[in-house]
Amino acid sequence: MEFSIPDNLKKYYWYLFPIVMILMVINEVLYGQELQYYELSEMEDIGRLLFVLLVKAFESALITILLIGTYMKLKSMYKNNKRH
């Protein structure tokens with residue numbers, strides 16, 4: 001079984017994903033797990049930072065797909081209502 005996203009989602013994905021990712025990382029650094037208090041002198045701190053970035057990338061991908069899917073659904077509903 002292969003997971004693939006439709007072509008209409010692929011069209012907008014890379015336009016929206018970086019914006020969502022940057023906003024999520026800024027929120028996490030400023031208000032999240034207090035990353036601003038850690039130094040980068042130990043491998044544990046670098047690993048923690050990479051883990052947070054990886055988790056935020058997955059969350060951003062999910063949010064991006066949900067936003068695009070909602071936009072497409074609303075767009076199709078608006079077109080259908082306009083025809084009738």
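This is a predicted model, so every value here is computed, not measured.
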Rounded to the nearest 0.5 Å, what separation is found between the CG atom of L62 and the CG atom of L67? 9.5 Å

Report yes or no: do I63 and Y12 belong to one cluster of Ile/Leu/Val/Met/Phe/Trp/Tyr joined by side chain heavy-atom distances under 4.5 Å? yes

What distance do E59 atom CD and L54 atom CG have between them, rounded to the nearest 0.5 Å? 10.5 Å

The reported gap from CD1 in I26 to CE in M21 (rounded to nearest 0.5 angstrom) is 11.0 Å

Going by the angle between their ring planes, with limits at 30° and 60°, are Y13 and F17 parallel, tilted or perpendicular? parallel

Nearest heavy-atom approach of T70 to L66 is OG1-O, 2.7 Å

Straight-line distance of L49 CG to L53 CG, nearest 0.5 Å: 4.5 Å

Do you reckon F58 sits in the same ILVMFWY cluster as W14, going by side-chain contacts under 4.5 Å, direct or chained? no

Linked, directly or transitively: I22 and Y31 (ILVMFWY side chains, under 4.5 Å): yes

Gap separating the CD1 atom of I19 from the OG atom of S60, nearest 0.5 angstrom: 11.5 Å

Determine whether I68 and Y71 fall in the same hydrophobic cluster, where Ile, Leu, Val, Met, Phe, Trp and Tyr are linked whenever their side-chain heavy atoms lie under 4.5 Å apart. yes

Please round to the nearest 0.5 Å and tell me the distance separating atom NZ of K75 and atom OH of Y78. 12.0 Å

